[in-house]
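Contents: one structure, followed by commentary.
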Amino acid sequence: MRLSKLFSQTLREAPAEAEISSHQLLVRAGFIRQLAAGIFSYLPLAKRALTKIENIMRDEMNAIGGQEITMPVVHPAELWQESERWYAIGSEMGRFKDKNNRDMVLAMTHEEVVADLVRRDVHSYRQLPRLIYHIQTKWRDDPRPRAGLIRVREFTMKDSYSLDADWDGLDKQYRAHYQAYFNIFHLCGVEVIAVKSDVGMMGGKLAHEYMYLTPIGEDTLLLCDACGYAANRQIARFQKTAPVSEQPLQLEKVATPETKTIAALADFLQIPQSKTAKAVFMVAKISEGQDTAQKLVFAILRGDMELNETKLANALVANELRPAHDEEIISVGAVPGYASPVGIPGDAVGRSEQTPLPLVVVVDDLIPQSPNLVAGANEDGFHLRNVNYGRDYQAQIVADIAAAQDGDSCPDCGGVLHTQRGVEVGNIFKLGTRFAEPMGCTYTDKDGVERPVIMGSYGIGSGRLLACIAEEHHDEHGLIWPVTVAPYHVHLVALAGKGSDQVQQEAESIYAELEAAGLEVLYDDREESPGVKFNDADLIGLPVRLTVSGRALEQGGVEFKRRDQADKRILPRAEIVQQVKAEIASLMKEIQEKLVEVSFAD
RNA sequence: CGGGGCGUAGCGCAGACCGGUAGCGCACCGCGUUUGGGACGCGGGGGUCGGCGGUUCAAGUCCGCCCGCCCCGACCA
C-alpha cells in the first residue's frame with residue numbers, strides 16, 4: 001500500500017477529548033474517527049488490524065470445534081420477551097418499531113437468537129455437542145461511553161455459544177474456551193488474568209472475566225499474591241474477622257448532635273468504627289414475571305465496611321438498585337443520618353412519590369455476630385448504644401453484602417488482598433438452561449426423554465481488544481504493534497530528494513520485491529521531509545522499518561530498524577527480502593512462544 | 001440520572017469580562033527552494049462562531065431555552 005494513496009491522515013495533535021494513550025494514538029495515527037459518543041469509524045489501518053485480531057479468534061475457535069455463522073443485528077422483540085430480558089433490561093437496550101409498528105430490538109448479544117435457532121433445528125442428542133460463533137456488531141446504549149475504544153456503544157464482538165446434552169459437556173466446552181481465550185490474548189500481545197465474575201444480566205452458573213491489568217481500567221479487582229485468588233470487586237469475598245463475643249448490654253440512648261457520618265460518630269463517642277452499624281437505603285426493582293415490584297431496601301453493615309451493591313442486588317434478586325431519596329427514607333419512619341432498623345416494624349410500608357414501597361431489611365452476615373453496636377435512634381441527634389441483632393431487630397435477609405477492600409484477608413488462604421484496576425477484554429459464561437428453559441430448547445436423549453439443551457456463551461470485543469493492545473504497546477512516539485496484529489509488517493520509507501531518481505527507483509523496486517514475496521508493506525512514497533516520514537512511521541508503529549536513502553545505498557543496501565528497538569543496521573541490497581522475512585518470522589516466533597497452558601481455576 | 005467542564009476552519013487554540021469588518025499555529029491548494037528526525041519563501045482556499053429565540057442601530061461576545069462532546073459518580077454481557 002502506498003501511503004500517498006491511503007485513506008487516512010496522521011495528525012500532529014490529538015483531539016482535546018481524547019485522554020488515554022490508546023485513544024489519542026489511534027486517532028493521531030489515522031486508525032479511527034469518532035462519529036458520536038461511543039460510535040466510531042474504523043479506517044483502513046484499524047480495519048486491517050481488526051481483521052487480524054478476528055482471524056486469530058477464528059483460528060482459535062475453529063481449533064476447539066467452532067463453526068462460524070452470522071446472526072442478525074435486528075431482532076423481533078418477541079424473542080427478548082420470551083427470555084424476559086425485554087423487561088429486565090432498561091434503557092441500555094436499543095428499541096424501535098418497524099413500519100408495521102412491531103417492536104424491534106437492536107442486538108446487545110445473541111443468546112435469544114441462538115436459542116431460537118436451537119429450538120428449530122436441534123432435536124436429538126445426536127446433534128450435540130455443537131459450538132457456533134459469529135463476529136457481529138452489537139449495540140448497547142451505555143449510560144456513559146468513555147476512554148476511546150475501551151467503552152463504546154456500538155461495537156463488534158466475537159461471541160460463541162456452546163450447546164451440550166449435559167453439564168459435563170458444558171464443562172468441557174467451557175474449559176476449552178478458558179484456554180482458547182488465553183491463546184487469543186497472548187497472540188495479540190496482551191497479558192490477561194482470568195477472574196471469577198458476577199453473572200449479571202446473563203444469568204447462569206459460573207463466569208470468568210479476562211482482565212487486562214491497567215490503571216485506566218474501570219473494573220476493580222481483588223488479587224491475592226499468596227494463593228492467586230482473583231475476583232472482580234463486584235463479587236469478591238473476603239474473610240471477616242469474627243468480633244470478640246460480649247454479653248448483650250442494655251439498650252441506651254445517647255445524645256450525638258451533628259454526627260451524621262460514621263466517622264463523626266466514632267470520633268464523638270471515642271469508639272472504633274467496627275463498633276457501629278451503618279444504614280444504607282436503596283430502592284430495588286425486583287421483577288416478578290412480567291411485573292416489576294419496587295422495594296425500599298434497608299441495608300445494615302458494620303460501620304467499618306462498605307456496601308457492595310452487586311452483592312446486595314444478588315441477595316435481593318433485584319435487576320435495578322438506586323440510592324433512596326430522603327423522603328423515601330423518612331416515609332418508613334427512619335431519620336437520615338440517624339437511621340437504624342430498631343423500632344421500625346418489619347412490615348413497614350414507605351412511599352415513593354405516590355407509590356407504596358414495601359420495606360425489606362438486609363443485614364450483612366457479620367452483623368449477627370457483632371454485639372453491642374452503636375446505631376441510629378431514628379431521632380435527630382440521638383444514637384443507641386448496645387444494639388444487638390435478633391434482640392432489637394430482625395432482618396428478612398442475612399447475606400454477605402460487604403465490599404472487599406485493599407488489605408482485607410483472602411477468603412481462600414487468609415493472605416492480604418490488594419486491589420488493581422483492569423479492563424474486561426473477554427468473558428465466558430456457563431449459562432446452563434437460563435435461555436433453553438424459557439425458550440423451549442429441548443432435545444431427545446438416548447432414552448427418549450426430552451431434556452433442555454445446556455448452553456454456554458463466550459465473548460470478546462474486538463475493538464476493545466485493539467484499544468488494549470494499543471494501550472499496552474506504545475511509547476512517547478507512537479504505537480508499537482505486535483507483528484500478529486500489525487496492519488502491515490513493513491514500513492518502507494523512501495528518502496528521495498528531488499534530483500535523486502536513483503533512490504526513488506530503488507525504493508520502487510524494493511517495494512515491488514517485498515510485495516512479490518508476500519510481505520505486507522506500507523510504502524511511504526510521499527514527497528515529505530525525512531522528519532515527517534520518520535515521525536509518521538513511529539506513530540503508525542509497524543514492526544519493521546526499512547529506509548531507502550542515498551546514504552544507505554552507498555553502504556550497499558537499506559537501513560533496517562525494528563520499531564521496538566533502537567538499533568539500526570544495513571541490509572545488503574540482495575538480501576533484503578530474505579532478511580526481512582526472517583525478521584518477521586522471528587517476531588512471530590517470539591509471540592508464539594508466549595502460548596502456555598493455563599491451569600483452570602474454578 | 002447527579003456533579004463539573006467545553007462547543008469559533010480538518011486538528012490545537014485566541015477573540016467573549018468591556019457588543020462595532022472573525023484571527024493565529026498546524027493541516028490543505030499553487031509555484032519555487034529543500035531532503036536522515038515534524039524544512040523555508042511567496043501566493044491562495046476554507047467559518048450558518050453547536051442550534052433556536054430574545055435584547056440592541058449592531059451579537060462569536062449579553063440573556064433564555066435546547067442540542068452535542070468530554071471528565072467524575074451512578075450504571076455496565
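Labels below follow one simple rule: chain letters A, B, ... track the order of the sequence lines, proteins then strands, and each chain is numbered from 1.
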Rounded to whole Å, the CZ-C1' distance (A:F534 to B:U35) equals 10 Å
From CD1 of A:I89 across to C1' of B:C75 the rounded distance in Å is 13 Å
Base, sugar-phosphate alone, or nothing: which one does A:E528 contact when heavy atoms must sit under 4.0 Å apart? base
A:L495 CG to B:U34 P, in whole Å, measures 16 Å
Is the distance from OP1 or OP2 of B:C11 to the nearest side-chain N or O of A:Q9 less than 4.0 Å?
-> no
Rounded to whole Å, CG of A:L546 lies from C1' of B:G36 at a distance of 15 Å
* To do: Tell me what A:A36 touches on the nucleic acid: a base, only sugar-phosphate, or nothing, going by heavy atoms under 4.0 Å.
  => sugar-phosphate
Report task. Output yes when at least one side-chain N/O atom of A:R144 is less than 4.0 Å from OP1 or OP2 of B:C72, else no. Result -> yes
Rounded to whole Å, the CD-C1' distance (A:E218 to B:C71) equals 14 Å
- Using a cut-off of 4.0 Å on non-hydrogen atoms, how would the nucleic acid contact of A:P15 be classed: base, sugar-phosphate, or nothing? sugar-phosphate
Which label fits A:Y210 and A:F182: parallel for a plane angle under 30°, tilted from 30 to 60°, or perpendicular past 60°?
perpendicular
Separation of B:C70 atom P from A:L35 atom CG, nearest Å, is 12 Å
field: Side-chain heavy-atom pair A:F40, A:L35 within 4.5 angstrom cut-off
entry: no
- Query: Looking for any heavy atom pair under 4.0 Å, which part of the strands does A:E13 touch: base, sugar-phosphate only, or nothing?
  - Reply: base
Mind checking if A:R545 touches a base, just sugar-phosphate, or nothing, with heavy atoms under 4.0 Å?
base
Ring centres of A:H208 and A:F600 under 6.0 Å apart?
-> yes
Q.
I want to check a possible cation-pi pair here: A:R95 against A:W80, using under 6.0 Å from ring centre and within 45° of the ring axis as the test.
A. no
Classify the ring geometry of A:Y174 against A:Y458: parallel below 30°, tilted from 30° to 60°, perpendicular beyond 60°. tilted
Rounded to whole Å, CG of A:D219 lies from C1' of B:A74 at a distance of 15 Å
- Task: Check whether any side-chain heavy atom of A:P438 sits under 4.5 Å from a side-chain heavy atom of A:E84, and report yes or no.
- Result: no
Just call it for A:A147: base, sugar-phosphate, or nothing, with non-hydrogen atoms closer than 4.0 Å on any strand.
-> sugar-phosphate
- Query: Should the ring pair A:H134 and A:Y161 be called parallel, tilted or perpendicular, given that the plane angle runs from 0 to 90° and is split at 30 and 60?
  - Reply: tilted
When rounded to whole Å, the CD to P distance for the pair A:E476 and B:G37 reads 18 Å
What are the atom names and distances for every N/O pair under 3.5 Å that joins the protein to nucleotides 38-42 of chain B?
residue : atom : partner : partner atom : Å
B:G38   : O4'  : A:N535  : ND2          : 3.1
B:G38   : O2'  : A:R12   : NH1          : 2.7
B:G38   : O6   : A:R28   : NH2          : 2.8
B:G38   : N1   : A:D536  : OD1          : 3.4
B:G38   : N2   : A:D536  : OD1          : 3.2
B:A39   : OP2  : A:S529  : OG           : 3.1

